[in-house]
Amino acid sequence: RCHHRSVAMLDIPFPTFCAFLGSLGLLCVALVSAWCQHWRGGFSLDGGSRTFNWHPVLMVTGLVVLYGAAALVYRVPSTWSGPKLPWKLLHGGLALGAFVLTVLGLAAVFSFHNSRGTSNMYSLHSWIGLGTVLLFSCQWAAGFGAFLLPWAPAWLRELYKPIHVFFGSTILMMSVASCVSGINEKLFFSLKNGTTEYKLLPAEAVFANTLGILILLFGLLVMGALARPSWKRPDSSSLDSRQVPGTR
């Protein structure tokens, strides 16, 4: 009886969960923007350090928050019946938007490094980040071919679906790891000569570390929602995944 009561207390309605998760995602975007604006000098397109500041903002917005929203589209109960095409377009569109922001974020950091004569792709953070983006691009292209092109056979969709789901979760985990390691790397590079050292935990370090914890929490909540059986879209052999609006 106590177990059932505990389960009932944890049985949060999906709309309530989405409202909380959306607020958390917006908070992450607001905090990374505030960090770059207040402590890192703001934003510009001159190729300098203020150009770099676009990198964390775009990566957190695209690779974590927007990608997390795309991953949860099929957990919305209204997607469980009726035509799937509009939801597939929304899922693919959100993922594409996340990818565009991610590419712009990469362009910002490469522009900064090249203008300063700094080497690219030498840190673990950069390896994880680039690997995430490459896997993301392959995932989107394969998903588009398997689920949105009308001539994709049903057997191919059924074969590829669990692979698509697995790599979707993998990309989100890698995105969170990339963002958290990037925050840590930036603090190590910035909080040294002429500033309060990172090991002394100045206000900027506390703020950025908190941001990293919230990003991690966002990723864990998305993964938890994806794994929750009661929020999964029921399989139905009666509905064709390629059906168009107005058909059954």
Side-chain angles (χ1 to χ4, degrees), residues 20-69 98 101-133 136 170-224:
F20 174 77
L21 189 67
S23 300
L24 179 59
L26 291 176
L27 179 61
C28 289
V29 174
L31 290 183
V32 70
S33 301
W35 175 37
C36 293
Q37 180 66 45
H38 181 71
W39 278 286
R40 297 292 103 216
F43 305 90
S44 76
L45 298 175
D46 59 4
S49 60
R50 292 189 298 168
T51 298
F52 171 85
N53 289 340
W54 287 108
H55 175 67
V57 172
L58 291 172
M59 288 304 192
V60 171
T61 304
L63 207 54
V64 176
V65 177
L66 203 57
Y67 185 84
L101 294 181
T102 300
V103 171
L104 293 175
L106 285 180
V109 69
F110 282 128
S111 174
F112 169 69
H113 283 176
N114 294 337
S115 68
R116 299 281 291 269
T118 304
S119 300
N120 292 304
M121 303 307 302
Y122 63 90
S123 67
L124 177 61
H125 161 66
S126 62
W127 289 12
I128 296 174
L130 186 60
T132 304
V133 175
F136 188 1
T170 300
I171 291 168
L172 179 62
M173 293 170 59
M174 292 175 65
S175 300
V176 171
S178 179
C179 288
V180 171
S181 63
I183 291 170
N184 192 244
E185 182 179 288
K186 183 61 177 177
L187 291 174
F188 272 116
F189 284 156
S190 302
L191 300 180
K192 48 183 182 180
N193 299 333
T195 65
T196 304
E197 294 184 13
Y198 189 14
K199 66 181 180 180
L200 299 177
L201 204 64
E204 180 181 356
V206 174
F207 189 92
N209 285 350
T210 302
L211 168 63
I213 293 296
L214 293 177
I215 291 172
L216 177 61
L217 177 61
F218 181 90
L220 290 175
L221 288 176
V222 173
M223 294 294 294

Decide yes or no for Leu221 and Phe20: does some side-chain heavy atom of the first lie under 4.5 Å from some side-chain heavy atom of the second? yes
Quick one: closest heavy-atom pair of Leu106 and His55, and the distance? N-ND1, 4.2 Å
I'd like to know whether Ser123 forms a side chain to side chain contact (heavy atoms under 4.5 Å, CB included) with Glu185, so could you lay out the CA-CA distance, the side-chain angles of the two residues, the decisive distance to 0.1 Å, and finally the verdict. CA-CA 9 Å; Ser123 67; Glu185 182 179 288; 3.0 Å; yes
Flag side-chain contact, heavy atom, 4.5 Å: Val32 against Ile215: no
Find out whether Leu26 and Val65 are in side-chain contact, i.e. whether some heavy atom of one side chain is under 4.5 Å from a heavy atom of the other. no
Run the ring-ring contact (aromatic ring centres under 6.0 Å, His included) test against Phe218 and tell me which residues pass, sequence neighbours left out. none
Any sub-3.5 Å donor-acceptor pair from Asn53's side-chain atoms to Phe43's backbone N or O? no
I need the Leu124 CG to Ser126 OG distance, nearest 0.5 Å. 7.5 Å
Distance-minimising heavy-atom pair for His125 and Ser181: ND1-OG, 3.2 Å
Aromatic ring pairing His113/Tyr122, orientation class (parallel under 30°, perpendicular over 60°, tilted between): tilted
Do you know the tightest heavy-atom contact between Val222 and Gly68? CG1-O, 4.2 Å
Minimum heavy-atom distance Phe207-Ala34, with the two atoms named: CZ-CB, 4.1 Å
Got a second to check how far Cys179's SG is from Leu214's CG, nearest 0.5 Å? 13.0 Å
If I take atom CD1 from residue Ile213 and atom CD1 from residue Ile183, how far apart are they, to the nearest 0.5 angstrom? 9.5 Å
Closer than 3.5 angstrom, by distance alone: can the side chain of Thr51 be matched with the main-chain N or O of Asp46 as a donor-acceptor pair? yes
Output, in order, the C-alpha distance, side-chain angles, deciding distance and verdict of side chain to side chain contact (heavy atoms under 4.5 Å, CB included) for Val64 and Cys28. CA-CA 9 Å; Val64 176; Cys28 289; over 6 Å; no
Atom CH2 of residue position Trp54 - does it have more than 12 heavy atoms of other residues, nucleotides or ligands inside 6.0 Å? no
What closest approach, in Å, do Gly62 and Ala98 show between heavy atoms, and which atom pair accounts for it? O-CB, 3.1 Å
I'd like to check Trp39 versus Leu187 (side-chain heavy atoms, cut-off strictly below 4.5 Å). Are they in contact? no
Considering only heavy atoms from C-beta outward, does the side chain of Lys186 approach that of Trp35 to under 4.5 Å? yes
Looking only at heavy atoms, what is the nearest atom pair of Gly48 and Ser115, with distance? N-OG, 4.5 Å
For the side chain of Ser175 and the backbone of Leu63, is there at least one donor-acceptor N/O pair under 3.5 Å apart? yes
Once rounded to the nearest 0.5 Å, what's the spacing between atom SG of Cys36 and atom CG of Leu31? 11.0 Å
When you measure from the side chain of Thr132 to the backbone of Ile128, do you find a donor-acceptor pair of N or O atoms at a distance under 3.5 Å? yes
Rounded at 0.5 Å granularity, tell me how far CG in Asn120 sits from CZ in Phe112. 10.5 Å
Is there side-chain contact between Leu201 and Asn209, with at least one heavy-atom pair below 4.5 Å? yes
Heavy atoms, side chains only, cut-off 4.5 Å: are Leu191 and Pro202 in contact? yes
